[in-house]
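Quick notes on the structure that follows.
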Amino acid sequence: MDLKTEVSTRCNDNNQGKVERGSSTPILQRECHGQISHLAIDIGGSLIKLVYFPRDSDGSSKDDKCSTSRERNSISNGDINSSIFGERLRFAKFETSKIGDCIEFIRSKQLHLGRCLHQECPSGEKTIIKATGGGAFKFADLFNEKLGVSLEKEEEMQCLVAGANFLLKTVQQEAFTYADGQKEFMQIDHNDLFPYLLVNIGSGVSMIKVDGDGKFERVSGTSVGGGTFLGLGRLLTKCKSFDELLELSHQGNNRVIDMLVGDIYGGQDYSKIGLASTAIASSFGKAISEDRELEEYKPEDITRSLLRMISNNVGQISYLNALRYGLKRIFFGGFFIRGHTYTMDTISVAVKFWSKGEAQAMFLQHEGFIGALGAFTGYKKHDHEQDQFVQRCSSKVSCADNNLSGGTIKSS
Ligand SMILES: Nc1ncnc2c1ncn2[C@@H]1O[C@H](COP(=O)(O)OP(=O)(O)OP(=O)(O)O)[C@@H](O)[C@H]1O
Ligand SMILES: CC(C)(CO)[C@@H](O)C(=O)NCCC(=O)O
């Protein structure tokens with residue numbers, strides 16, 4: 001049975017409360033799984049990401065009840081995702097600086113009660129929540145104090161790889177290319193997935209050569225990433241948030257600030273080394289020669305140049321690492337991307353330009369949640385019940401995949 005058939009079989013059966021793989025092997029039973037945690041968390045330098053199954057007020061998983069109501073999460077700062085798998089697996093994000101809001105969210109959804117919801121907790125036994133990212137270390141005591149839970153630390157790079165492999169193998173329309181304003185989904189052949197380069201653009205950037213499930217090496221990284229965009233953007237403009245910066249950049253023109261090859265070469269291309277007159281010779285380079293103060297530049301242009309500079313740089317370093325290890329495919333994730341067309345276009349063009357068309361940039365629909373999903377799949381290790389739980393997740397991701405409409409989902 002190919003993936004597509006399997007997915008639709010699962011989805012149909014799912015509605016009847018029982019899902020079977022092929023003709024006979026049951027992989028999903030509609031039973032209550034109140035003994036297991038329903039939440040995994042990735043606490044990064046900029047953002048906290050949650051992946052969870054929602055619960056009803058009586059403590060059962062909404063999903064166990066075949067709920068059809070689509071729950072949309074929102075909190076006062078508006079910085080949280082709606083469900084992107086319909087009424088199934090949910091995703092949410094918070095700024096790391098607002099960790100208190102995140103803790104309140106977990107409490108309000110009863111996600112910290114995972115293990116002991118349907119029965120009395122044996123004294124001293126704490127709910128364990130899978131957690132990755134630096135914050136799993138930094139905030140472990142806070143979670144214990146505020147929610148009475150233990151964060152079980154999952155290695156960050158391992159989670160990124162597990163999450164990416166899980167998505168690439170499970171969700172049909174997960175990976176896509178972006179070129180000339182067009183998003184094109186890629187069919188991933190499971191037998192031809194490895195090796196690839198995974199580039200996670202978070203606050204900083206990690207580049208990981210992935211050779212298989214659990215087989216990987218972090219080959220490079222750069223500190224010039226999403227945190228740089230947000231940090232420098234805040235310093236150079238009056239914008240306070242990432243969304244404001246991104247919004248402003250839409251209206252900007254980077255050529256006002258960037259020094260182009262044509263600016264140096266009297267409007268001409270430098271064809272001998274393959275540089276068009278419109279290529280950027282020096283990011284922010286125009287600012288050196290003009291007698292203008294920061295205030296005299298439009299924030300729109302500044303944000304545009306900044307976004308371009310960082311995206312270009314990540315694209316180029318990624319390509320160089322792909323070249324170093326002979327990798328043709330580069331998957332980009334992390335919340336810096338945010339499905340933003342200008343960012344994806346810049347990265348794609350950089351990879352194409354430097355590789356002379358040999359390598360290809362691909363993006364992931366669940367870009368920012370790779371690590372959290374990877375931590376979630378970590379529940380598999382625990383016991384048989386957890387294993388079934390993760391299998392349930394797989395089927396739900398697959399099913400959700402059928403509900404996606406032409407790649408319009410976006411985590412915003
Ligand atoms: N709503 C938002 N608030 C803040 N930053 C955002 C937002 N949306 C996107 N970003 C961008 O995403 C980046 C964080 O991405 P991500 O959550 O993948 O990394 P992280 O886990 O916080 O970082 P790291 O892995 O380096 O610890 C920010 O630095 C910023 O550039
Ligand atoms: C330190 C981490 C791994 C934390 O997520 C990330 O921010 C990162 O990969 N920074 C880049 C560090 C470097 O390799 O220069």
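In what follows, every heavy atom counts, from backbone to side chain, and hydrogens, waters and symmetry copies are set aside. Just follow the structure's listing: the first ligand is 1, and inside any ligand the first atom is 1. Note that this is a predicted model, so its numbers are computed, not measured.
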side-chain contact (heavy atoms from CB on, under 4.5 Å) partners of Ser46, counting only residues at least two apart: Ser203
Check: Ser203 N/O within less than 3.5 Å of ligand 2 N/O: no
Shortest protein heavy-atom distance from atom 10 (N) of ligand 2, along with the residue and atom involved: Gly204 CA, 3.6 Å
Atoms in ligand 2 flagged as close to Val205, the criterion being non-hydrogen separation under 4.0 Å: 8 (C), 9 (O), 10 (N), 11 (C)
Within reach of ligand 1, part of Leu47 (heavy-atom separation under 4.0 Å): both
Side chain to side chain, Phe331 and Val210, heavy atoms closer than 4.5 Å: no
Contact check, Gly133 vs ligand 1, heavy-atom distance below 4.0 Å: no
Under-4.0 Å protein heavy-atom contact, atom 3 (C) of ligand 2: yes
Chi angles and distances behind the salt bridge (charged side-chain N to carboxylate O under 4.0 Å, His left out) call for Asp243, Arg338: CA-CA 10 Å; Asp243 291 85; Arg338 281 286 291 275; 2.6 Å; yes
Heavy atom of Ser223, distance to ligand 2 below 4.0 Å: yes
Distance-only N or O hit between ligand 1 and Glu95, under 3.5 Å: no
The one among Glu156, Arg218, Met157 that brings a heavy atom closest to atom 8 (C) of ligand 2: Arg218
Residues that Thr278 engages under side-chain contact (heavy atoms from CB on, under 4.5 Å), provided they are two or more places apart: Arg255, Ala276
Nitrogen or oxygen of Lys49 less than 3.5 angstrom from that of ligand 1: yes
Min heavy-atom dist Phe229 to ligand 1 below 4.0 Å: no
Sub-4.0 Å heavy-atom approach of Glu367 to ligand 1: no
Residue, atom name and distance, where the atom is the protein heavy atom closest to atom 11 (C) of ligand 2: Thr222 O, 3.4 Å
Aromatic ring pairing Phe376/Tyr379, orientation class (parallel under 30°, perpendicular over 60°, tilted between): perpendicular
Atoms of ligand 1, numbered as shown, that sit under 4.0 Å from any heavy atom of Asp243: 1 (N)
Backbone N/O of Val149 and side chain of Thr127: donor-acceptor pair under 3.5 Å: no
Nitrogen or oxygen of Gly227 less than 3.5 angstrom from that of ligand 1: yes
Basic-acidic side-chain contact under 4.0 Å: Lys286, Asp263: yes
